[in-house]
Amino acid sequence: MKFSMIFEAQMADPSPASERQVIQDCVEQAVFAEEMGFDRIWAVEHHSLTQYAHMSASEVFLSWVAAKTSGIRIGHGVVTMPFGYQHPVRVAERSAMLDVLSGGRVDIGSGRGATKQEMSMFGVRPEDTNPQMEEALRIVSNAWREETFEWHGSLDIGPGAVLPRPVQAPHPPLFMACSKHDTLKLAAELGVGALVLGFAGADDIREMRKVYDEAISVRGTERFVSTEVNDHFSALCPTIVLDDADAAYRIGTRGQRFFAESIAHWYGNGPKPTVYAEDEDHVAAMGRRRDELVAKLHEADIPARPADTGTYNAEHAYGTAETAIDYVEQLRRIGVDEVMCLIQMGTVPQDVCMETIRQWGETVIPHFRALEGNAG
């Protein structure tokens, strides 16, 4: 089982000074993650989502981190693939250049960038996001695998060479962001790894693992986007770990509440997120918001799904290192290939992020490395 961290560059105060500090803090966390034994970092790509994610140029962030590290894998989690955001050839070129400079450490996740805000910034139409994401994956993987490349579909490309060539042959592993059962099935059919980005907890992750495995078991090869198939299942693990379990729970649930409200704002037209006092009952507040959302969906005759309501579930790795071990053990038994730690949330102080990384590196990760060593 692998361990990673994901970065949104999320912030409660979106002032320029705070923005610069948070991005530098993320770099510090990523470099420390390597020292503490994490296998990979992921950086999202979002655009114009104030407070929720200021990681607009993740390729630059990842290049900066790659230059400061030597072994940790460098993951785009994810690249917004519809053509309005960026031409697929540029995705292939930039990713290959990063693979060369990092010594073959790159992973590429794909996503739709389907918030109204992001689409309006780049002239992307909602109906194009799914087909263009899939076509972009095919274009990128073909561009990497062929010395002379051309493509004639929605785009006419080439013939020509995509340079430089990636270090990883024939290309870096491909993934896709998955928050619903339909996208898990699509990832399996396309032959790419699943980045399960959600807060719904272990029970829902168990169901999502089942959906992914079942789709793998019945798929053919006709929809694969590459000759290289990746069946890696990575699951989000929101976590704050401190010696003081109560403080970790308060800080973690406050961060998650801010995260949930940010998602509700940009994906569901909710109010802007608010910074609350640490000692408020954030779990109860999230429960009320979840109930409100379910009621609204039912009024509109739309069935509530785990992806809609899971953001408000606070049963995660908030507490001591032993709490985190217990939660990760649930994920291990489910068959998760990678535990993707979410530590950097908008209201979580930098010292708490760094202490959480240290506790994972000194206690949580070694616990599971020892289990694997004994099993071997």
Side-chain angles (χ1 to χ4, degrees), residues 1-8 10 29 32-33 35-42 196-209 233-260 276-287 290 306 310-372 374:
M1 189 164 60
K2 304 296 184 182
F3 295 88
S4 62
M5 291 170 51
I6 187 166
F7 293 95
E8 303 267 1
Q10 188 177 93
Q29 291 174 43
F32 190 46
E35 183 181 339
M36 288 293 102
F38 282 81
D39 300 290
R40 178 167 24 223
I41 61 148
W42 294 98
V196 179
L197 305 173
F199 287 89
D203 287 342
D204 191 58
I205 290 170
R206 181 180 294 104
E207 181 62 24
M208 295 183 86
R209 175 84 238 196
F233 185 93
S234 178
L236 194 73
C237 178
T239 180
I240 296 296
V241 174
L242 303 170
D243 289 335
D244 185 336
D246 291 339
Y249 190 73
R250 291 194 308 270
I251 294 169
T253 54
R254 180 176 64 167
Q256 185 175 331
R257 182 180 181 184
F258 181 87
F259 206 116
Y276 299 95
E278 184 183 311
D279 58 358
E280 287 191 34
D281 189 344
H282 302 293
V283 176
M286 285 192 288
R290 179 181 59 235
T311 310
Y312 303 101
N313 172 28
E315 295 177 5
H316 298 297
Y318 301 140
T320 64
E322 287 69 27
T323 306
I325 287 170
D326 289 344
Y327 186 77
V328 174
E329 176 60 22
Q330 295 182 62
L331 302 183
R332 186 184 73 85
R333 291 179 182 276
I334 289 166
V336 166
D337 298 311
E338 178 178 340
V339 176
M340 184 167 45
C341 293
L342 175 65
I343 301 168
Q344 197 281 316
M345 295 177 280
T347 59
V348 179
Q350 175 70 352
D351 63 330
V352 172
C353 291
M354 295 294 282
E355 176 63 12
T356 297
I357 297 166
R358 187 188 69 80
Q359 295 256 4
W360 274 76
E362 293 184 356
T363 305
V364 182
I365 294 174
H367 172 87
F368 291 96
R369 294 280 191 258
L371 285 181
E372 292 168 357
N374 292 336

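Source: prediction; values computed, not measured.
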- request: List the steps and the verdict of side-chain contact (heavy atoms from CB on, under 4.5 Å) for R257 and T347.
  value: CA-CA 9 Å; R257 182 180 181 184; T347 59; over 6 Å; no
field: Test side-chain contact (heavy atoms from CB on, under 4.5 Å) applied to V364 and V339, step by step
entry: CA-CA 11 Å; V364 182; V339 176; over 6 Å; no
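- For the pair C353 and I343, the tightest heavy-atom approach, listed with the atom from each and the gap, is CA-CG2, 3.7 Å.
- Checking each of R209, R332, K2, R40 against D337 for a salt bridge (Lys or Arg N to Asp or Glu O under 4.0 Å) leaves exactly one that passes, namely R209.
- Shown here for E338 and V336, the closest heavy-atom pair between the two residues is O-CG1, 3.0 Å.
- Side-chain contact between I205 and Q330 is absent, with no heavy atoms from C-beta onward closer than 4.5 Å.
- Remark: D39 engages R369 in a salt bridge, criterion side-chain N to carboxylate O under 4.0 Å.
- Ring planes of F3 and F368: tilted class, angle from 30 to 60°.
- For the side chain to side chain donor-acceptor pair (under 3.5 Å) test, residues two or more places apart in sequence or in another chain that qualify with E322 are T320.
- Here D326 contributes atom CG and L331 contributes atom CG; the two are 11.5 Å apart, rounded to the nearest 0.5 Å.
- Using a 4.5 Å heavy-atom cutoff, the side chains of Q29 and Q350 are in contact.
- Partners of E362 under the salt bridge (charged side-chain N to carboxylate O under 4.0 Å, His left out) rule, at least two apart in sequence or in another chain, are R358.
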- request: Please lay out, stage by stage, how T323 and Y318 fare under the test side-chain contact (heavy atoms from CB on, under 4.5 Å).
  value: CA-CA 7 Å; T323 306; Y318 301 140; 6.0 Å; no
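- Taking each heavy atom of I357 and M5 in turn, the nearest pair found is CD1-CE, 3.5 Å.
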Show me the donor-acceptor pairs within less than 3.5 Å that the side chains of residues 233-243 make with the rest of the protein, sequence neighbours left out.
from: T239; atom 1: OG1; to: A317; atom 2: O; distance (Å): 2.8
from: T239; atom 1: OG1; to: W360; atom 2: NE1; distance (Å): 3.0
from: D243; atom 1: OD1; to: Q359; atom 2: NE2; distance (Å): 3.0

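- Distance check: E8 CD to L342 CG gives 7.0 Å after rounding to the nearest 0.5 Å.
- For E315, there are no side chain to side chain donor-acceptor pair (under 3.5 Å) partners two or more places apart in sequence or in a different chain.
- Side chain of Q344 to main chain of Q10: a donor-acceptor pair is present (N/O by atom type, distance under 3.5 Å, no hydrogens or angles).
- Atom CD1 of I41 is separated from atom CZ of F32 by 14.5 Å, given to the nearest 0.5 angstrom.
- Considering all non-hydrogen atoms of both residues, M345 and F259 come closest at CG-CD1, 3.8 Å.
- Y327 is linked by a ring-ring contact (aromatic ring centres under 6.0 Å, His included) to H316, counting only residues two or more places apart in sequence or in another chain.
- By the salt bridge (charged side-chain N to carboxylate O under 4.0 Å, His left out) test, D203 is found to be paired with R206, residues two or more places apart in sequence or in another chain being considered.
- In this structure a side-chain-to-backbone donor-acceptor pair under 3.5 Å is present from E372 to M1.
- Closest non-hydrogen pair, T363 versus A321, comes out as CG2-CB, 3.7 Å.
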